[in-house]
Structures are given as C-alpha cells and as structure tokens.
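All chains are named by letter (A, B, ...) in the order of the sequence lines, taking the proteins before the strands, and each is independently numbered beginning at 1. These numbers were taken from a predicted model, which means no experiment stands behind them.
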Number of protein chains: 2
Amino acid sequence: MSDDQELGITESKEYNTGEWYAEVVQKAGLANYGPEGMSGFIVTRPRAYAVWERIQSYLDGLFKETGVQNAYFPMFIPESYLEREKDIVEGFDPEVAWVTHAGRDELEERLAVRPTSESIIAPYLSRWVRSHRDLPLRVNQWASVVRWEATETKPFFRTKEFLWQEGHTAHATDEDAWDETLTRLDQYQSVFEDLLAIPVLRGAKPEHDKFPGADTTTTVEALMPDGKSVQSGTSHHLGTSFAEAFDITYTDEDEESQIAHTTSWGLSWRSMGALIMTHSDDQGLVLPPTVAPEQVVVVPIWQSDTKEKVLEYAEGITEELEEAGVRVELDDRDERNPGFKFNEWELKGVPVRFEIGPNEVDDDVITVVHRPDGESKEVDRENVAETVREEFDEVYAKLYAKAEDNLEENVREADSRADILGTIGQHGGYVKAPWCGDEECETEIKEQIAAEIVMVPLDDEEAEIHEGDSCAICDGDAVETAYFAKTY
Amino acid sequence: MSDDQELGITESKEYNTGEWYAEVVQKAGLANYGPEGMSGFIVTRPRAYAVWERIQSYLDGLFKETGVQNAYFPMFIPESYLEREKDIVEGFDPEVAWVTHAGRDELEERLAVRPTSESIIAPYLSRWVRSHRDLPLRVNQWASVVRWEATETKPFFRTKEFLWQEGHTAHATDEDAWDETLTRLDQYQSVFEDLLAIPVLRGAKPEHDKFPGADTTTTVEALMPDGKSVQSGTSHHLGTSFAEAFDITYTDEDEESQIAHTTSWGLSWRSMGALIMTHSDDQGLVLPPTVAPEQVVVVPIWQSDTKEKVLEYAEGITEELEEAGVRVELDDRDERNPGFKFNEWELKGVPVRFEIGPNEVDDDVITVVHRPDGESKEVDRENVAETVREEFDEVYAKLYAKAEDNLEENVREADSRADILGTIGQHGGYVKAPWCGDEECETEIKEQIAAEIVMVPLDDEEAEIHEGDSCAICDGDAVETAYFAKTY
Ligand SMILES: [Zn+2]
Ligand SMILES: [Zn+2]
C-alpha cells in the first residue's frame, strides 16, 4: 500500500541472492527493519504475519491431534534458574538480553529475556508430574524469544527477536521420549513438504552441535537455491539432564520414584524465510496457494464500452470464489492499468491470476495464469470454484517439483578433503562423506570454506556410505556419514 | 492431573472473595504463581490457555471481518522513542522493565520491554501512510506486555506480565477515528455479552483517568459479584497527539498534507479473570459452554454386572457428540468412583454433565446435570447432538441472567457525598451521581472509601442524571454523570 512497493525487484536471485532476498522482503511488504538503536530487530508486516498465522494454524492442528496442550510461561527467567542446567547457561549466556531495572529500581536478581524456555518450564513440569498417570505431559507455547547475536540481520533467518513455538514434554521412559522427538520431527517435515512445498532432509546434529543439555538433536534441513542449507526445525531428546537439574520425577506403578525423560522442540519463522527464499524470483514473492494471503487475484481488462459487462462478470466470479472459501481479491482500481496490476500482484506473490476481458465474457471462459512459471490457459467459467482448486494443486506441484529437483541434484558424495572442498566450492549443496565423528575434522573444512556438518543420518533412515570406510579428512575409522553444507 | 487438584475449594466466595478466587485458580488448574524472584508473574496452564484461545479466536474473527490485519512489532522500545510522546513516558515510566545489557555488553541506549506499543508502532504507521488511499490503516498484535506494578498479584487481574491484543489504527478524519473507537468498544462488549455471559456497562473514562495522550478513553466495565468493577477492555481515540509526535501524515485528494487521526484499543486476559470471578462458586470453576475446554463430561455409573452395557452406551454417546464437534470427555477411569468424578469435573468447570447408569441404558435416556445450578433432568438418547446444544444455550442463559440481575440491582443513584459513601459502603456496585468534572471531588471519595469514577456515560447512550443539577460532592455545577465504584 505504501510507496516502497511501487518499484519492481532490481537485484538478481541467481547472482546476488542476499540483496535480492532483502529487496523481496522489503518490496513485497513482508517486513521492515527495526528502528534506530534496534538493529537486528524487524517489524513483521501483515502480509508476512498472515503467512505465519497459516503456518501456526497448520502446525498447531497437528500438535492438538497428538496430545499437545498450549500454555504460556513468563518471558523472563531468573539468572539463578538459567544457571541450574550448566549446558544451557554456557550455550546461551553470550546471547542473553538482561532486564536489570524495573521503574526506578534495580532488581535484586537480574532476569533473562527468554532465549528458550527449558529453564522456566522444567520447574513447573516438576510440580505437575507426580505419578506415572500424569505422563506423558506435553505443553507448547507460541512466543517470541531473544538471542542477541552480533551477525548481520536477515529478516526471518537471523534476527535478535524471533517468533516460534517451543514444545516441552516429560515421559516415563527413554523410548517414549525418543518417539516424541521423532513425532515432532515428522510434523516439522510435514510443515515443509505438505504446506510450504519444500522437500527436506532429516537427520541428527553431530555431537558437538547438539542443543545444550540434549542427548540428541534432530533436525529438518532445507536446501536453498543458492546451495546453502537452512536448519528449519529441531527436535531434542533431552534425556534426563533437565529432569535431574529440575527434579522432574514420578512414582511408577510399584510406587518407586523414577526420573522422567524430557524433550523439547521448536519451529520458528525461519520456516517463512526458507519459504520466501525457495520459491520467489526476480519478479518478486512467490507463495504456494496453501499459505498465500490472497490465492487468486481477478484482474478485469476493459475499454470504456466494455467496462460494465467485464466488471459484472469479474464480480460474479469473485463472489462465487469467496462463497467457496477461496481467498480472492478483485482488483477493480480505476487508476491503474492491467500491466501495472499484473506486476504488483506478481511482486506480492499471488499464486493464481484470473484475467477477464471482453473475449472471456463472450466465450464464458477465464484466462488463468500461474505465478511461478507464467503458464496461461483458458478454463470454463462454469464450476470455477472447483477448477481453481485444481489450479492450486498444479501450482503447488510445480513449486514442489522445482525444489525437489534442486535438492536431488545437489546431494553429492566425496571421499577426501580435497573432494569435499572442491565439490562444495563448485556446486554448493550437500556433500556426504565418511567421518570419524571428531569435531576437528569439521573445523578444517569450516575454516577453509565455511561449510559445516549440518546433519548425520538417523540410524534407520538415510543410506549411509561410511561402513568400513575411513574418514575423508583424517583417514581414521569412519563412524558416521556426515552431510557438509554451507548454512544460513 | 497433579495433586493440587485433589482437594475441593475451602474458601467462601461470598465471605472471602479474594482467597476464594486464588484457590479456584490454583485448584482448577488454571495458573501457578511465578518462581522465586519473579513475584507478580504467573504461569498460564493449559486449562486457562484454552479459554484464552477461544477469546482470541472470537475477537480475532470480529477484527478480521472489520478490516484489521495482524502484525508483529518488536517487544523492546528504545528509551528515546518512549520519550517522544510525553504523556506516554510520564504514564508508564514508573512501571517499565529495562533491558540494559546484552550478553556481556552494556547497551548504548536502554530498551523498554513494551508496556504498550504506541511508541514503536506509530513510527511505522508514519512510514506506511502516504496517501489518503492508504487510510484507514489498521494493525493489531497479540502479544504480552510488562508493567511493573508493586501491588499484590491476582492471576489474570493483576500481573506484571500479561497477554493482550493491541490494535493501532490511522484515519483521515477525527470522525473516522471516533467511529473506529466505538467499533472496537462494540466488539469488546460482544466478547463479554455474547461469549463470556457477562453484561457490561459502556462509558468513557473521566479526563484525569484517560490513557496517556488520548483525547477520549472508552471502556466496558463489568460488575463482579463482590460489588467491584473490572475495567475489561478499553478503546482510545488518540486524536492527533501520536500523529504529531511521530509525524503520521497523508496527502489528501487535493495533494495537501494532512495530519492523521489515530486510535488504539486493547483487551487483555483480565477478561478471563472477570469470567472466572463472575460465574464460579464454592464448588470451583464455572464456565459457559462457549469457552469451556470440555463442554460435556460423560460419567458412566456401573456395577460389575452392568459395566459392559453402561460403558458401551456411554461410548456411543461420546462418539456421536465428538462427531458433531462437541468438546466431550468420557471419564471411564476405573480407580475413581462417580462421586469423586462429579466433584472433580465440577471443580474444573465443565458446564454440562451426562450421568449414565443401567437405568439410563434401559430407558434409552440420559440424565443431564447443569453445572451452574445443579438442575438435573432426563433427555432422550436420540438426537443427543442436537439436544446438547439446547442444554448449552440454557446454561449460557442461566449464567447471563444471574450476572445481569447482579448488575441491574447494583446501579444506584446518590446526590450527596454522604449518600455516595453510604451506598457504596453498604451495597458496593455502581453509584451514579451528578459531578462537576473536577478530579478533587473524586479524590475525596477515593480517600474515604477507595471508590473511584470508573466511567461517565457516552453522550448518546446512558440516561444522564446531572442535567441542571449540582455536583454531589462540591455543590458546583454538574457537567457529567459519574459512576463511582470500587475496582479491581
Ligand atoms: Zn576424521
Ligand atoms: Zn465537584
């Protein structure tokens, strides 16, 4: 609506991905940067927030079907609580924003603005869990968290405050906690594959890159078009570390006291960053119909002598779609010509355009244009509310197929340090290599090409290539198949 | 779930309202107090959060039908921004939580944790509004805010952090802004009257009690059973004060620059406090079916020889209700007897109970019990999904009628200081009196009996009693009809 949307995208996705992304975010009206004195913060504008609401609604639905209840915990955590689990405090201390004063008074104990809430939620899990009958206990909150990273701001990918959900559960056994961890990983995968049209890889983080205090951190990773991986949702099997630090115990069926096993899992608006980055192009934002604020824009094309009949026809179609629950916008502005409107709605990411001129009225048809590839076709006016669903499915399938091709083409193997460096240097993407499990071998790659091990396959899932092999970097015995990639 | 729900309510609503309320909140599993070092904060447990989600969903629906878009703004506000509108900083400065450090570094400028977001939203309204075509511009956020009040914690009524929505709009004319202000007040009234079964009074705050910077603050006020008023939602006509401080201007149709007129409006989880306080009783929580997490609990009553047929019948009913979208819980626990279950579900506020014993099975009926008054009746098993909706309506009507009686009986008139003091002292509730508009006259009442002017009628709405009369306190000319009440 404001003037910063008047101009088209000037940067190239292929050659200047970072600047192009920033321009799409700005010009499609998704976000603004924070005010002076608050670099690293962003304002999420309605167009982006509407997408986030659809992600929330989808994932929250999955959660509720699988026994999760929402709750809300304080946004502050007393420093002494944060210190109770030593890995947490070491992991997050450098990034914590501290509240030290309230009104004119200094606080006796300073309060962390939550960087994640294990340390404030675990003490309540401890109070709520008494007997094995209270287990499993699952709570989730939709909230914002603050991590004061010094790196450059990239809206939705890297901001000092971000929106997310964080789930926290307690279980009777290690096995139950592991099942929970994977249930949530499955649901994150579904967000990407069934809602955002982005295929992902699933795996575990290497030991040295786990969530602080976790036994295992699992992740879904999405490959961006510039060859970098985005960690898109993580689910942590916390074992008994938090249960021990915060005394989460229960009495079993034999009235014996047992320690609980906990998990936590989170998906943030980084998923929205991956969405924007994956599908958009040099004309602007591209969104799948599943999450687009407007799924269809109807653009009437008239001369003065055809205006009345064209508008009437376009209005009838718009009403029929609205009644069928389609999110549709009729752009009947007098002061703009059709070409301007096409460009504007392409910039804003509306996945399907209906063009309605006098010919369409006479022939009782609609010209349908797909945003991702510009494919144009005529469809019958009749049953438009059904037809449009098929168009949505087609557009979704196109977006998914393109992202899938990108992923499939960009998982390569390597068996030596030179091979890893050369392959990532030339192609980006993922490079699988046998690995000894030692962080030092990752460090060597990291220092030379800024790629890291983003995951190792989960035992039962990905084909492994390290069996009987030796580490591609140090030649020691390989125990894992490491996926190297540059990351966001 | 945990042992703190095992015991019934011991305090009396009538004689010990404060302690009774705290006990209901605790024992019905609605909230816990914050940890050590964080007095004034609460943890919102799933049972309360589910109610809040229904309030959100209802109000958000009304917003979206009337042109409001959701967005999200940073949770921090630089001190210099807070200082730009002088009334805001004076009004909130004593209650602000300050972030002064991030990681190990002291910040150059300290950041306020938002107590309300006008000062961070207005600068963006300024950027987004250019032309009259951008108006009206309406954004809303669902967020938490922090106000460091030193008073005693009362869950949902008075906490240092609370959940709310805050809407912020810009308009071309003063009249448009005033219409907006009243549209939102209407919607707040609807939340109370159509969703929470609580009739409210509508009015404006007196001049000296307006929102900082506002031209007019409007309010809906709910009367609690102990005779105190709860300010339950406020909608502010901000005039041009924020537009001037933050330069929110637009070019009109003649290309002239004009100053915009803004509004803001908020409803918090205080509405949930009013809900709990209004309907609950000495057996525990009472909720209307509109917002209850479980609308019906089915309690089977069996002996060993009837268990199978009773359970089967109860399961069939439960399934039929679930399929019809009713929120129903079948309590088939073996280890608890029916009397225990009745008490527990009464404590938890389930509005309708189905009792199913062998007689019900034989006669093809259901015994239905209403939570608010214990009314019990037999209904046919057939068409239970329809019947239960009627029962919900009846329960809602009973709750509303009782709250309405309380309100109607407790609006009284007074024409002298002694009369005001005596009437509030004896009855509580609202006392209407002619008032000169001078804060000092309120102060006299406040000092003697801790009652204040909670509202004056909006011009076109409430019958006024001050015309041609003199102020009940100072005998000066009366210009308003003041509603005095004690408050939460
Ligand atoms: Zn190695
Ligand atoms: Zn007076």
Chain B: which of [options] shares the most heavy-atom pairs with it under 4.5 Å?
options	result
A:P123, A:A143, A:P78, A:P293	A:P78
A:A150, A:A71, A:A50, A:G37	A:A71
A:F41, A:Y124, A:F73	A:Y124
A:E79, A:M75, A:E36	A:M75
A:T159, A:I77, A:I42, A:I121	A:I42
A:V99, A:V43, A:I120	A:V43

Handout entry: Side-chain heavy atoms of B:T169 within contact of B:V139, under 4.5 Å
Key = no

Handout entry: Cation over ring face, B:R133 and B:W128, 6.0 Å, 45°
Key = no

Check this for me, if you would: do [X] and [Y] make a salt bridge, where the nitrogen-to-carboxylate-oxygen distance has to be below 4.0 angstrom?
X	Y	value
B:E294	B:R47	yes
A:R158	A:E152	no
A:E344	A:R333	yes
A:R104	B:E95	no

Exercise for the section: Tell me yes or no: between the side chains of B:E109 and B:S80, is some donor less than 3.5 Å from an acceptor? Expected result: yes

Practice task
Consider only side-chain N and O atoms of A:N70 and B:W52, and report whether a donor and an acceptor are under 3.5 Å apart.
Solution key: no

Problem - Among B:P35, B:P94, B:A31, residue most engaged with chain A (heavy-atom pairs, under 4.5 Å) - result: B:P35

Exercise for the section: Quick one: which of B:Q69, B:K160, B:H101 has the most heavy-atom pairs under 4.5 Å with chain A, could you say? Expected result: B:H101

Completion exercise
If one checks every heavy atom of A:F92 against chain B at 4.5 Å, the contacting part turns out to be neither

Below 4.5 Å from any heavy atom of chain A, which atoms of [X] appear? Answer side chain, backbone, both or neither.
X	result
B:E108	neither
B:W148	side chain
B:E335	side chain
B:E53	side chain

Exercise for the section: Before giving the answer on ring pair (Phe, Tyr, Trp, His ring centres under 6.0 Å), spell out for A:W269 and A:F162 the whole-Å C-alpha distance, their side-chain angles and the decisive distance to 0.1 Å. Expected result: CA-CA 7 Å; A:W269 71 17; A:F162 59 86; 7.3 Å; no

